[in-house]
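Ligands are counted one by one from 1 in listed order, and the atoms in each one are counted from 1 as well. These numbers were taken from a predicted model, which means no experiment stands behind them. Reckoned from all heavy atoms, side chains included, excluding hydrogens, waters and symmetry mates.
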Amino acid sequence: MRLILLGPPGAGKGTQAEKLVFYLGIPQISTGDMLRQARLEQTELGKKAESYMKAGELVPDDVVIGIVNERLGQKDCHEGYILDGFPRSVSQAAALDKMLEARGESITAVVNMIVPEQELLNRLLVRKREDDNEAVIRERLRVYSEQTEPLIDYYRSHGVLKEVEGLGTIDEIFERILGALPTGHESS
Ligand code: AMP
């Protein structure tokens, strides 16, 4: 199963992705985690990403698409994966489609996690990662609505979009996600 978790920052994509890893037995691919690791290690890529991440902006496509393409080619991705935080723009979605096409594959489902903006702000203000002050958090939400939200229509028009309410307990949301996943997907 090749799954995309879509939704604004603070929607709970990372938390749900971790649970799905155990349930489905496929890896989570989080571009945010990969970029944070690259920053920690101060690799060329990490240095390139740093200023964008600090400002709450998207890291340029060529950087992100490159790391995803490399990651999807690794052995543990052969049975599928959970994409968390990628794609984040229509251009990234188009690049992902090309990567998949080249491998004769397609996305099984895109789960959009719906959470009201005020709730997101509350959650993000509590969670506060390094670099996250309120201005950066607001910028990340603005960037989401401008660049990432159009993906909802993109994937709806591709017939793979599933909508899930992202309010409630972690387990309640997890059950909703499982309920939204197509069955009989093992060979798709
Ligand atoms: P996240 O942990 O997914 O919220 O990502 C943290 C930060 O990493 C984002 O605010 C972006 O600066 C950067 N980032 C993560 N994924 C992407 C992506 N797909 N495209 C561009 N930038 C990304």
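- For atom 2 (O) of ligand 1, the candidate residues are Glu139, Gln147, Met34, Arg36; the nearest heavy-atom contact is made by Arg36.
- Looking at Ser30, Ser91, Gly85, Gly32 and measuring to atom 19 (N) of ligand 1, the nearest heavy atom belongs to Gly85.
- We find the OG-CG distance between Ser89 and Asp61 to be 4.5 Å, quoted to the nearest 0.5 Å.
- Considering backbone and side-chain atoms alike, Val59 places an N or O below 3.5 Å from some N or O of ligand 1.
- No donor-acceptor contact under 3.5 angstrom links the side chains of Gln37 and Asp33, judged on distance only.
- Remark: Arg71 CZ to Ile29 CD1 distance equals 4.5 Å, nearest 0.5 Å.
- When each atom of ligand 1 is checked for a heavy atom of Leu35 under 4.0 Å away, the hits are 8 (O), 13 (C), 14 (N), 15 (C), 23 (C).
- Residue contacts with ligand 1 do not include Lys13, since none of its heavy atoms lies under 4.0 Å from the ligand.
- Closest protein heavy atom to atom 7 (C) of ligand 1: Met53 CE, 3.9 Å.
- Protein heavy atom nearest atom 12 (O) of ligand 1, with residue, atom name and distance: Glu57 O, 2.6 Å.
- Contacts between Val64 and ligand 1, counted as non-hydrogen atom pairs separated by less than 4.0 Å, involve the side chain only.
- In terms of protein heavy-atom proximity, atom 5 (O) of ligand 1 is nearest to Arg88 NH2, 3.4 Å.
- Residue Arg140 places at least one N or O, backbone or side chain, under 3.5 Å from an N or O of ligand 1.
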